[in-house]
Peer 1: 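Sharing a structure here in structure tokens format.
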Amino acid sequence: MRLMISLFVLLLLTACNKQDTEVMHVLAGSELKDLEPYLEQIRDATGVQLAFDYIGTLDGADRLMHDSRYDLAWFSHGKYIALTQEQAKSRLIVAQEKIMLSPVVMGIKRSVAARLGWDDKTPVTWRQMAEQASAGKLDFMMTDATASNSGFSALFGLLAAFSPNPAQPDFANVDQTLLQAFFKGNTGRSGSSGWLADRYVQEQQHFDGLVNYESVLLSLNQSGELQEPLLLLYPQEGIVTADYPLMLLKADKREAYNRLVTYLTSEAFQALIQEKTFRRPVNRKVKLASEFRSGLIELPFPGTLETVDQALFMFLDQNRVPSSSLFVLDVSGSMAGERIAQLRAAVTNLTGVDTTLSGKFARFRAREQLTLIPFSNQVRDEHSFAIHDVRQDSGDMMAIRNTVAGLEAQGGTAIYDALLRAYQDIDEQYRQDPQRYYTIVLMTDGQNNQGVDFTAWRSWWQSAPAYLKRVRVFPILFGSASNDEMEAIASTTGGRTFDARKQDLVQVFKAIRGYQ
């Protein structure tokens, strides 16, 4: 009887505790996943259970304009979101408080630094990095500025640094020669800061370093996974720091928000953040750890959305190394009906049709070489496009849309024959232009039943020239595609799989653009 009473009391207390806990839905940057181990601790201290949905900043800004389910937004910085709200004359952000800090800097192997004459005590500039990159002496990885906050922050740091007066930058008169020189060394791309760090670990023999959050670079140095440690470079002109503002979106959640901010900025939790995530504390009562460099110069950020957008389009269309993107598209019989319609819509969406905040940056880019390789039981007619005019109604974009509209579904599924054709095309293109950034997107809704199989393809890949082995394949899981084989293709080539079985194919195609 006593046992039954005790169990009843326990259940009653548990029910009361659940009622006392307030759930707050958070739209957040994916880099905040490293706070998940502390969510229970935050809940116990504040009575607030944080429920995260992760997304990129530009996609996040777009979603916040149309989705009212979120109580909070939490990204590495809120500058772009604030500018979009200002332009839309929206008062979505009720309050915001900085929670932690992490400057975006360059980390390079210490052996490379020694070769270039740089060390912990040598002042280094963004200009010097650009000069070494242009000379082919500095190859680095960096995320796409239109897809990830670390690349976004780095770009605007560069724009300020390469303007006539970095302290008061003129973003309309940036030294374009220096900017292009810097990005000549950006030989590895990503749409995610976390994925970029993972790929650097896997492929560190091919790269001299990477641009990322200071916290990520310090974590890599502590991970034990590097062949040699990274030297963090803090350029003399200055840097842009992620300050991770926690943004309140609903006024009626103010009390819970205040409890959260009070706890997250407390000395105890700030010390925990610094120790476990390598982010700097905003609470000045917490002593800065010895591994952090002090006295950094913070570069100004543009004050208008128009300036930011112009800079991002210039980055895509003029500054960085141009892309050669090959889309290997399954048009077998199983794609008939709704599936082929989704495929047409997904590619068409990239021709400037999508005018959302994220869609306008995902479109095909000036100087891009696009190749569409439809396949069924064999490779169908290929279509190549040299893109110059990126306007939605341009001849270049209309030609792509007309081609995609003519795709018809029929026949079997020769996945690896088509993949081999894509590599053959890249081989020919590379011999003519080795400076381009080559990627393959593979979209299939089924399993291979024609032509060579996965084993034969992988055997070919293993004997391929080094420049072809560095071409990443990004498979899209769709329909009944073999998860294991698609993952194996991505793993073999250093790519990443995207799952269109859990989200709209249009959104998947947009997300992949950050990796091309």
Side-chain angles (χ1 to χ4, degrees), residues 30 55-56 59 144 147 189-192 195 199 323-351 354 358-359 362-364 368 370-376 379-380 382-383 400 403-404 407 409 412-423 425-426 438-449 454 457-458 461 471-516:
S30 60
I55 196 171
D59 280 325
D144 186 330
R189 298 178 187 171
S190 168
S192 160
W195 191 81
R199 290 318 310 170
S323 300
S324 183
S325 307
L326 290 83
F327 285 74
V328 180
L329 307 174
D330 186 344
V331 291
S332 60
S334 59
M335 285 289 293
E338 183 181 351
R339 290 182 180 180
I340 195 71
Q342 290 180 38
L343 175 58
R344 294 190 195 109
V347 180
T348 298
N349 200 55
L350 304 179
T351 64
D354 184 350
S358 57
R363 59 144 173 80
F364 295 121
E368 185 169 5
L370 171 67
T371 303
L372 302 180
I373 306 177
F375 72 93
S376 54
V379 176
R380 305 256 193 103
E382 295 183 30
H383 304 273
I400 297 170
T403 298
V404 171
L407 294 178
T413 309
I415 295 173
Y416 299 102
D417 282 359
L419 196 53
L420 282 171
R421 175 67 65 84
Y423 273 102
D425 288 353
I426 290 175
Y438 294 91
T439 58
I440 298 171
V441 174
L442 170 63
M443 198 291 300
T444 179
D445 77 329
Q447 300 186 29
N448 189 70
N449 57 29
F454 171 77
W457 169 79
R458 185 167 58 181
W461 184 90
V471 176
R472 305 180 193 278
V473 178
F474 297 95
I476 299 174
L477 297 172
F478 194 60
S480 59
S482 171
N483 183 75
D484 290 343
E485 286 197 5
M486 295 303 104
E487 289 284 1
I489 292 170
S491 177
T492 298
T493 65
R496 175 181 180 178
T497 57
F498 289 80
D499 198 338
R501 300 169 302 187
K502 298 179 180 179
Q503 60 177 318
D504 187 70
L505 188 61
V506 167
Q507 298 304 317
V508 170
F509 269 65
K510 283 170 60 175
I512 284 178
R513 295 295 287 163
Y515 295 77
Q516 292 188 297

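Everything quoted here is computed from the prediction, not taken from an experiment.
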Peer 1: Can you check whether Phe509 reaches Ile476 side chain to side chain, under 4.5 Å on heavy atoms?
Peer 2: yes
Peer 1: Any heavy-atom pair between the side chains of Leu419 and Val473 that's under 4.5 Å?
Peer 2: yes
Peer 1: Using the side chain to side chain contact (heavy atoms under 4.5 Å, CB included) rule, take Thr439 and Tyr515 through it: C-alpha gap first, then chi angles, then the decisive distance, then the call.
Peer 2: CA-CA 8 Å; Thr439 58; Tyr515 295 77; over 6 Å; no
Peer 1: Nearest 0.5 Å, please: how far is CG in Leu477 from OG1 in Thr444?
Peer 2: 9.5 Å
Peer 1: Checking Ser491 now: which residues fulfil side-chain contact (heavy atoms from CB on, under 4.5 Å) with it, not counting sequence neighbours?
Peer 2: none
Peer 1: Given side chains that start at C-beta, do those of Ile440 and Phe474 come closer than 4.5 Å, heavy atoms only?
Peer 2: no
Peer 1: Does Thr413 use its side chain to pair, donor to acceptor, with the backbone of Ile415 at less than 3.5 Å?
Peer 2: no
Peer 1: Decide side chain to side chain contact (heavy atoms under 4.5 Å, CB included) for Phe327 and Ile373; before the verdict, give the C-alpha distance in whole Å, the side-chain angles of both, and the deciding distance to 0.1 Å.
Peer 2: CA-CA 6 Å; Phe327 285 74; Ile373 306 177; over 6 Å; no
Peer 1: Please confirm whether the backbone N or O of Gln516 pairs with a side-chain atom of Arg189, one donor and one acceptor, at under 3.5 Å?
Peer 2: yes
Peer 1: What are the two closest heavy atoms between Trp195 and Ser190, and how far apart are they?
Peer 2: CE3-OG, 3.3 Å
Peer 1: For Tyr416, give me all partners under side chain to side chain donor-acceptor pair (under 3.5 Å), at least two apart in sequence or on another chain.
Peer 2: Glu485
Peer 1: Could you please spell out the steps behind the side chain to side chain contact (heavy atoms under 4.5 Å, CB included) verdict for Val331 and Phe375?
Peer 2: CA-CA 6 Å; Val331 291; Phe375 72 93; 5.7 Å; no
Peer 1: If you measure only the distance, is there a donor-acceptor pair under 3.5 Å linking the side chains of Ser323 and Glu368?
Peer 2: no
Peer 1: Going by atom types alone, do Asp484 and Ser482 pair a side-chain donor with an acceptor below 3.5 Å?
Peer 2: no
Peer 1: Between Ser192 (side chain) and Ser30 (backbone), is there a donor-acceptor pair under 3.5 Å?
Peer 2: no
Peer 1: Mind checking whether Phe478 and Leu505 have side chains closer than 4.5 Å, heavy atoms only?
Peer 2: yes
Peer 1: Under the rule for side chain to side chain donor-acceptor pair (under 3.5 Å), what residues qualify as partners of Thr351, not counting sequence neighbours?
Peer 2: Arg401
Peer 1: Measuring from Met443:CE to Met486:CE, what's the distance to the nearest 0.5 Å?
Peer 2: 11.0 Å
Peer 1: Mind checking what makes side chain to side chain donor-acceptor pair (under 3.5 Å) contact with Asp144, not counting sequence neighbours?
Peer 2: Thr146
Peer 1: At what distance, to the nearest 0.5 angstrom, does NE2 of His383 lie from OG1 of Thr403?
Peer 2: 5.5 Å
Peer 1: Between Val328 and Tyr423, does a side chain to side chain contact (heavy atoms under 4.5 Å, CB included) hold up when you go through it step by step?
Peer 2: CA-CA 11 Å; Val328 180; Tyr423 273 102; over 6 Å; no
Peer 1: So do the side chains of Thr493 and Val471 get within less than 4.5 Å of each other, counting heavy atoms only?
Peer 2: no
Peer 1: Can you see which heavy atom on Ala490 is nearest to which on Pro475, and at what distance?
Peer 2: CB-CD, 3.8 Å
Peer 1: Walk me through it: do Ser334 and Ser332 pass the test side chain to side chain donor-acceptor pair (under 3.5 Å)?
Peer 2: CA-CA 6 Å; Ser334 59; Ser332 60; 3.3 Å; yes
Peer 1: Work out which heavy atom in Gly514 is nearest to a heavy atom in Ala147; give both atom names and the distance.
Peer 2: CA-CB, 3.9 Å
Peer 1: Honestly, is Arg496 close enough over Phe498, meaning NZ or CZ under 6.0 Å from the six-membered ring centre and within 45° of the axis?
Peer 2: yes
Peer 1: Would you say the side chains of Glu382 and Thr371 form a donor-acceptor pair under 3.5 Å?
Peer 2: no
Peer 1: For residues 342-350, which side-chain donor-acceptor pairs fall under 3.5 Å, sequence neighbours excluded?
Peer 2:
from: Gln342; atom 1: NE2; to: Glu338; atom 2: OE2; distance (Å): 3.2
from: Arg344; atom 1: NE; to: Leu407; atom 2: O; distance (Å): 3.3
from: Arg344; atom 1: NH2; to: Leu407; atom 2: O; distance (Å): 2.7
from: Thr348; atom 1: OG1; to: Arg344; atom 2: O; distance (Å): 2.7
from: Asn349; atom 1: ND2; to: Asp354; atom 2: OD2; distance (Å): 3.2

Peer 1: Quick check against the 3.5 Å criterion: does Arg513 have a side-chain atom that pairs as donor or acceptor with the backbone of Ala362?
Peer 2: yes
Peer 1: Can you list the residues that meet the side chain to side chain donor-acceptor pair (under 3.5 Å) rule with Gln447, with sequence neighbours excluded?
Peer 2: none
